[in-house]
Amino acid sequence: NFVGYSGVIDVGSGLPPEAPIGLLVDGRTAPAIRNSAPVFRWTFVDPDGGDGQTMFGFQLQQSPLIPGGISPIWDFEDEWFDSSFNFGDIFGEILADGRWYWRVRTRDSQGNWGPYTSGLDSFVIDTEAPEINVYAPSVGTVASGDVELKFEVLDSTTTPTFEARLNSEP
């Protein structure tokens, strides 16, 4: 009952933003990277079409960021960043090799904070070159016909990929 009220009741505006989407680390989703100071990006989503992002909060640690879990190593929740940009870095900090988990939340131009992303978004930093052991053929072997290449790649943090080139010149 709105007895004696005259005017417009705006029910659809002022909604908080949704959790950011499209989380990227150095331009990729859940990558294995060699860069120990990555750039993080996301897409701001708000049901109030005209709102923009004005601030963001950011958390980072080496185990999944689950509510009530271990405190984040990097927690910018107390140091909100005034930013309409949809990216952040750790401001010159160098991260250790290993798997990292991160999450972000945003505030819209009406002052509403949205929820954090799940906290299970991860990436791997691997700045150490893998160890490669070649077993066959031995170095300096000149072969004709079929050649079998046997090697082993040892890398503790990522699933290695390899590229082979064949050269017909001596």
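The figures here come from the full heavy-atom set of this structure, side chains too, leaving out hydrogens, waters and symmetry mates.
Taking the ring centroids of Phe40 and Phe123, they lie under the 6.0 Å cut-off.
Side-chain polar atoms of Arg99 and Ser122 form a donor-acceptor pair below 3.5 angstrom.
Atoms OG and CD1, on Ser36 and Ile94 in that order, are 4.0 Å from each other to the nearest 0.5 Å.
For Asn35 (side chain) and Ala37 (main-chain N/O), a donor-acceptor pair under 3.5 Å exists by modelled atom type. A donor-acceptor pair under 3.5 Å is formed between the side chain of Gln110 and the backbone N or O of Gly14. Side chain of Thr117 to main chain of Pro20: no donor-acceptor pair is present (N/O by atom type, distance under 3.5 Å, no hydrogens or angles).
Contact record, Met55 with Trp113: CB-CH2, 3.7 Å, taken as the closest heavy-atom pair. Here the closest heavy-atom approach between residue Pro17 and residue Pro115 is recorded as O-CD, 3.4 Å. Scanning both residues, Leu15 and Asp46, for their nearest heavy atoms gives O-OD1, 3.7 Å.
Phe58 and Trp100 fall within the same hydrophobic cluster, defined by Ile, Leu, Val, Met, Phe, Trp and Tyr side-chain heavy atoms under 4.5 Å apart, directly or through other members.
Under a 4.0 Å N-O distance rule, the pair Arg103/Asp121 does not qualify as a salt bridge.
Counting heavy atoms from C-beta outward, Arg105 and Phe56 have side chains that stay 4.5 Å or more apart. Annotation: side chain of Trp42 is in contact with side chain of Thr106 (closest heavy-atom distance under 4.5 Å). The shortest side-chain heavy-atom distance between Gln61 and Trp102 does not fall under the 4.5 Å cut-off. Using a 4.5 Å heavy-atom cutoff, the side chains of Leu60 and Tyr101 are not in contact. Counting heavy atoms from C-beta outward, Thr29 and Leu23 have side chains that stay 4.5 Å or more apart.
With sequence neighbours left out, the side chain to side chain contact (heavy atoms under 4.5 Å, CB included) criterion links Ala30 to no other residue. Here Pro16 pairs with Asn112 under the side chain to side chain contact (heavy atoms under 4.5 Å, CB included) rule; sequence neighbours left out. Ser109 is linked by a side chain to side chain donor-acceptor pair (under 3.5 Å) to Asp51, counting only residues two or more places apart in sequence or in another chain. Glu152 pairs by the side chain to side chain donor-acceptor pair (under 3.5 Å) definition with Asn133, Tyr135, not counting sequence neighbours.
Checked against Arg34 for a salt bridge (Lys or Arg N to Asp or Glu O under 4.0 Å), the options Asp97, Asp26, Asp126 give a single hit: Asp126.
Ile21 forms part of a hydrophobic cluster together with Val45, judged by ILVMFWY side-chain heavy-atom separations under 4.5 Å.
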